[in-house]
**Student:** 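Structure provided below as structure tokens; questions to follow.
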Amino acid sequence: MADTALTRSMGRARTAERERPPHRRSRRPSPLHLVLIPLSAVMLAPLIWMVLLSISTEAETRRFPPGLPHGIHWQNYTDAWSQGPFGHWLLNSAIVSVACVVGNLVLCSLAGYAFARIPFLGNRVLFVVVLATLMVPFQIVMLPTLIVMQHLHLTDTLGALIAPNLATPFGVFLMRQFFTTVPKELEEAARIDGAGRLRTLASVLLPLMGPTLATLSVLTFLNVWNDFLWPLIAVQSPGNMTIQLGLQNFQGQHFTNWPVLMAGTVTSQIPVLVLFVLAQRFFVRSIASSGLK
Amino acid sequence: MAVVAADRAASERRRGHRTHRPGPRMRRADHVAGWAFVSPAVLLIGLFGLVPVVWSLLLSFQQTDLTSPGTWTGASNYQKMVHDPVFWQAARQTLVYCVLFVPITMLLAIPIAVLLNQRVRGMLFYRMAVYVPLVTSTVATGVIFSWLLNPQFGLVNAALGKVGLPQQGFFQSTGEALPAVVMMTVWGWLGFAVIIYLSALQNVPRELMEAAALDGCGRVKAFWKVELPLLAPASSFLLVWLTINALQLFDEVYVTTKGGPLHASTVLVYYLYQQAFVNFDGGYAAAIGSALFVVILAVTMVQLWLSRRASHYEVN
């Protein structure tokens, strides 16, 4: 039961930390820093160089051995933004990601609640079918999905990027898991008072769903924001590209102009990096509970 | 996610949890409400997750460019696959990629997780440094590593030169393109493996470690004898999870090498993409997809078997 143990441990890790007796800090820095600092340097080096290259001149990115830039060359950013519609791509990515997050929050909550709580005919069979689709690799799904999009007249639109991700089997699974842990008595009181299912869900259960909904939001957002293969085949015109596809397109046109390309790359990473730094602890828990990427 | 879900559901069944009791308590209103609640999600998942599986299987018996109706050609796509040397090269390289990527990621992750589990000033920063590649997009990773591993002026060749090692060709050399992709993806995935191991380590009961210490077990020995065996469930999960994702490698190859030079870094999904969207041979691409699906299903089965075997290490 590898995964059950793991997921249970996620929740427990924090309590365990709190239970530990207060740590007596030694005055001398731990020798572990001697390993931890080089480790962090290696992990951060690609990102630090991305930023350094984005403020270098073109000549500075091509000298060997590479070194620090002599001045800050902000012009690369204005060049990147004038040569590629980065603002537009960011907006497209934001629209697609937010739409998918909202879709998952609403649809997966409804389905997860029904699967966990309502004894309707076919409940168990349908849930197993939903679970089974988790095992299907996207690469075999994408070919027929493309044909479906042609029939729906959605190819080369943002709709083509949104529709397949509006409700995900993992979201349904996550929400169902959550609702099975909520004591039934909570909603029974409301039901006896005459509230319908939807009303109970919205007024009694919604306030408890915060952390689970947040996990689902983070996972959906990251998956959709960083998705590349589906936008690559579903969208052609630059006006409908997401930031990942746009960046790749930009790379194709500016592969020799490293500073401008890196300025574009930094641009594409800023939204997610900011989110990550602000909510690191939370990201980590979400990622650990799923298996992202 | 498939693995996690199937596994958790299975364990729940075994423990006898029931979400509801069918029978006399079933009411008509419940059927209506139930179907109304699940149908939007179930219809979408069916349309984009289930129907395409069958459809893809049908496509694999056709000659089609995916935009106009195809013609039935029997098993010819599969025959072509069996006799296609590039397909076998791609399959071999996918295997080589998995065999390099998965163990390297896991073996690096264990000591790093142990390090990050210590209580040291600034740990939040160190952890963040290890996790941040995880949110870096595959496209950005590809762009950054194209420069870092550039043979003429890249940082890695400069570092190799500093310690007196010969300069490498990386993405531009047939022998090194695939290892270079491994290097890049290990950087991107390491944080994931570390998160899984770290949470497993934090789950090791303190009493166990204290008991080991009382029995005269040193810190190092305690790691080998107590902590490492308790990491077995995490390892079996990672082994399968990383393998399934490694089998689906595409983005990083597309952004850096485009499968080259001379097919040296062409992996299965890249070859599938090429067949479908460069050669417009959608039927053949679907056949390659079926082969991939079979392999992924097999790996998932191994996971279920492994997790059952590993479960007796669980302390809870």
Side-chain angles (χ1 to χ4, degrees), chain A residues 1-5 9-10 13 16 23 30 32 36 40 43-44 46 50 62 64-66 107 110-111 114 116 118-121 130-131 133-137 139-141 143-145 164 166-167 169-170 172-173 180 197 226 228-229 244 247-248 251 265 268-269 272 276 280 284 287-288 291, chain B residues 1-2 4-5 7-8 11 19-20 22 26 30-31 33-34 37-38 40-42 44-45 48-50 52-53 55-56 118-120 126 128-130 135 137-140 143-144 148 153 155 158 195 199 202-203 233 236-237 241 248 250-251 269 272 282 286 289 293 296 300 307 310-311 314:
Chain A
M1 282 336 6
D3 312 325
T4 29
S9 72
M10 312 297 162
H23 175 52
S30 158
L32 287 174
L36 285 165
S40 319
M43 293 307 281
L44 289 176
M50 165 181 82
R62 301 178 164 276
F64 193 83
L107 301 180
L110 287 176
I118 308 180
F120 65 95
L121 194 69
V130 168
L131 275 193
T133 63
L134 276 170
M135 268 174 242
V136 181
Q139 291 81 8
I140 78 157
V141 172
L143 303 175
T145 304
L166 265 183
F170 185 75
V172 173
F173 169 74
T180 50
R197 293 265 186 202
N226 284 341
F228 175 64
L229 180 52
Q244 307 306 339
L247 176 64
Q248 194 278 320
Q251 181 207 24
T265 311
S268 78
Q269 282 307 295
V272 174
F276 173 72
Q280 195 226 147
V284 170
I287 287 163
Chain B
M1 288 179 211
V4 200
D7 213 33
R8 272 187 235 167
S11 77
T19 47
H20 55 84
M26 275 197 167
D30 283 340
H31 298 314
F37 276 41
V38 299
V42 166
L44 279 166
I45 290 168
F48 295 111
L50 200 64
V53 177
W55 198 335
S56 180
Q118 310 301 315
R119 272 167 302 151
V120 173
Y126 294 128
M128 202 183 285
V130 173
V135 295
S137 78
T138 49
V139 180
V143 173
I144 298 165
L148 290 175
F153 41 77
L155 189 64
I195 288 178
S199 54
Q202 289 171 339
N203 197 30
S236 95
F237 166 73
W241 190 248
Q248 301 182 41
F250 173 82
D251 299 5
V269 175
L272 184 158
F293 190 22
I296 287 176
T300 312
S307 67
S311 59
E314 235 182 299

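Residue numbers begin at 1 in each chain, while the letters A, B, ... track the order of the sequences. Only this structure's heavy atoms are used, side chains among them; waters, hydrogens and symmetry mates stay out.
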**Student:** Which of the residues Ala286(B), Ala33(B), Gly282(B), Ala140(B) is involved in the greatest number of heavy-atom pairs with chain A at under 4.5 angstrom?
**Tutor:**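 With the most close heavy-atom pairs to chain A, the winner is Ala140(B).
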
**Student:** Give the member of Ser40(A), Pro46(A), Ala167(A) that has the highest number of heavy-atom pairs under 4.5 Å with chain B.
**Tutor:**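 Looking at each option in turn, the highest pair count goes to Pro46(A).
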
**Student:** Check each atom of Phe250(B) against the heavy atoms of chain A and say whether the ones under 4.5 Å are side chain, backbone, both or neither.
**Tutor:** side chain

**Student:** Could you check if a side-chain atom of Pro66(A) sits within less than 4.5 angstrom of a side-chain atom of Phe153(B), using non-hydrogen atoms only?
**Tutor:**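 In short, these two side chains do not touch, never coming nearer than 4.5 Å.
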
**Student:** What heavy-atom pair brings Ala129(B) and Met43(A) nearest, and what distance separates the two atoms?
**Tutor:**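 Nearest heavy atoms, Ala129(B) then Met43(A): O-CB, 3.3 Å.
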
**Student:** My understanding is that only residues two or more places apart in sequence, or in another chain, count here; which of them pass ring-ring contact (aromatic ring centres under 6.0 Å, His included) with Phe48(B)?
**Tutor:** none

**Student:** Counting heavy-atom pairs under 4.5 Å to chain A, which of Phe293(B), Tyr126(B), Trp55(B) comes out on top?
**Tutor:** Tyr126(B)

**Student:** Is Val130(B) in contact with chain A via its backbone, its side chain, both, or neither, using a 4.5 Å heavy-atom distance?
**Tutor:** both

**Student:** Among all residues two or more places apart in sequence or in another chain, which pass the side chain to side chain contact (heavy atoms under 4.5 Å, CB included) test with Val272(A)?
**Tutor:** Phe221(A), Leu222(A), Trp225(A), Val135(B)

**Student:** Leu148(B) versus chain A, heavy atoms under 4.5 Å apart: side chain, backbone, both or neither?
**Tutor:** side chain

**Student:** Using 0.5 Å steps for rounding, measure from the OG atom of Ser137(B) to the CD atom of Gln248(A).
**Tutor:**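 If we round to the nearest 0.5 Å, Ser137(B):OG and Gln248(A):CD are 11.0 Å apart.
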
**Student:** Name the member of Leu166(A), Leu143(A), Leu107(A), Val130(A) that forms the most heavy-atom pairs with chain B at distances under 4.5 Å.
**Tutor:** Leu143(A)

**Student:** At a heavy-atom distance under 4.5 Å, which candidate from Val42(B), Val269(B), Ile45(B) has the highest pair count against chain A?
**Tutor:**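 With the most close heavy-atom pairs to chain A, the winner is Ile45(B).
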
**Student:** Please determine, among Leu32(A), Leu44(A), Leu36(A), Thr265(A), the option with the most heavy-atom pairs under 4.5 Å with chain B.
**Tutor:**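 Among the listed options, the one with the most contacts to chain B is Leu36(A).
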
**Student:** Need one label for Gln139(A): side chain, backbone, both or neither, based on atoms under 4.5 Å from any heavy atom in chain B.
**Tutor:** both

**Student:** Under 4.5 Å heavy-atom distance to chain A, tell me which part of Ile296(B) shows up: side chain, backbone, both or neither.
**Tutor:**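 Looking at Ile296(B), just its side chain touches chain A.
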
**Student:** Between Val172(A) and chain B, with a heavy-atom cut-off of 4.5 Å, which part of the residue counts as in contact: side chain, backbone, both or neither?
**Tutor:**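 It is the side chain, since no backbone atom gets that close.
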
**Student:** Is Gln244(A) in contact with chain B via its backbone, its side chain, both, or neither, using a 4.5 Å heavy-atom distance?
**Tutor:**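 Interface part for Gln244(A): both.
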
**Student:** In terms of relative ring orientation, are Phe173(A) and Phe170(A) parallel, tilted or perpendicular, with 30° and 60° separating the classes?
**Tutor:**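 Ring orientation of Phe173(A) relative to Phe170(A): tilted.
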
**Student:** Can you name the closest pair of heavy atoms from Thr145(A) and Pro164(A) and give their distance?
**Tutor:** CG2-CG, 4.3 Å

